[in-house]
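These numbers come from the heavy atoms of this one structure, side chains and all, not from hydrogens, waters or symmetry mates. All residue numbers refer to positions in the sequence shown, counting from 1.
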Amino acid sequence: ADTQLLAGHGTAFGATTLDWYVQITNAGILSLIIQRKNASPTSVTAVPDFRDSTDHHLAFLITPGSNASKLYIDGALVGSATAPTFSEVTSGTLFFGRVLGIASNFFKGEIHESRFWKVTRSQAQFVSGMNTPLGNPSSSDLFAYHKMNDGTGTTLTATIGTNGTLTGATWTGSYQG
């Protein structure tokens with residue numbers, strides 16, 4: 001099996017803005033990869049095999065203005081690393097199920113919801129909100145929020161942020177967030 005790409009952000013690999021992506025390796029290992037122009041990628045890796053047919057809550061923290069990067073699974077910190085220092089990402093494209101510049105390694109699973117915050121969230125905040133959909137938030141602290149419950153069509157409707165276009169994805173109807 002190939003490495004599967006869950007999500008990513010950037011304008012292009014090697015661009016002057018930060019690029020990051022989340023992947024599951026062929027051994028089932030979850031990693032957050034942070035890549036900056038002319039720098040070696042930084043990897044935050046979770047050791048447990050992630051392919052257990054159970055729903056999981058993933059949260060990753062990349063703190064603008066510092067080098068702190070953390071990866072959480074089901075509210076527990078499973079990895080951290082020092083990443084290249086960068087500023088808040090305010091432009092570029094979010095990708096789900098694949099990453100910009102890579103036309104293969106699509107994610108083979110379900111993504112129920114995505115939240116991208118403009119502010120640093122604490123572990124307690126991740127835990128308190130991890131199994132509760134936000135409803136219809138109006139928080140200025142959110143950069144993007146996708147409920148991923150449209151159910152039909154090729155549009156991924158954003159509650160906050162920009163709508164997306166689905167390519168090669170199938171609605172499952174199993175999540176009612």
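Side-chain contact between Leu58 and Ile73: present, with at least one pair of heavy atoms (C-beta onward) separated by less than 4.5 Å. Contact of the Leu134 side chain with the Leu142 side chain is registered, since non-hydrogen atoms from C-beta on lie closer than 4.5 Å. Contact check for Glu113 versus Tyr145: side-chain heavy atoms found under the 4.5 Å cut-off. Side-chain contact between Val22 and Phe60 is present, with at least one heavy-atom pair separated by less than 4.5 Å.
Taking all atoms of both residues into account, the shortest heavy-atom contact from Met130 to Gly75 is SD-N, 3.7 Å. Contact detail for Ser80 and Val44: the closest heavy-atom pair is N-CG1, 3.6 Å. Here the closest heavy-atom approach between residue Leu32 and residue Leu71 is recorded as N-CD2, 4.4 Å.
The closest donor-acceptor contact from the side chain of Thr132 to the backbone of Gly129 lies at 3.5 Å or more, if one exists at all. Of the possible polar contacts, none joining the Ser31 side chain to the Ile33 backbone as a donor-acceptor pair under 3.5 Å is found. Of the possible polar contacts, none joining the His146 side chain to the Asn163 backbone as a donor-acceptor pair under 3.5 Å is found.
We find the CD-OG1 distance between Gln23 and Thr45 to be 8.0 Å, quoted to the nearest 0.5 Å. To the nearest 0.5 angstrom, Thr120 atom OG1 is 5.5 Å from Leu61 atom CG. Thr154 OG1 to Leu156 CG: the interatomic distance, rounded to the nearest 0.5 Å, is 10.5 Å.
Qualifying side-chain hydrogen bond (donor to acceptor under 3.5 Å, both in side chains) partners for Thr157, counting only residues two or more places apart in sequence or in other chains: Asp150. Partners of Asp141 by side-chain hydrogen bond (donor to acceptor under 3.5 Å, both in side chains), not counting sequence neighbours: none found. When the side-chain hydrogen bond (donor to acceptor under 3.5 Å, both in side chains) test is applied to His57, no partner is found at least two apart in sequence or on another chain.
Hydrophobic clustering of Ile, Leu, Val, Met, Phe, Trp and Tyr side chains at less than 4.5 Å, counting indirect connections, unites Phe143 with Ile111. If you chain together hydrophobic residues whose side chains sit under 4.5 Å apart, Leu77 and Val127 never meet in one group.
In this structure, Phe96 and Phe116 have tilted ring planes: the angle between them lies in the 30° to 60° band.
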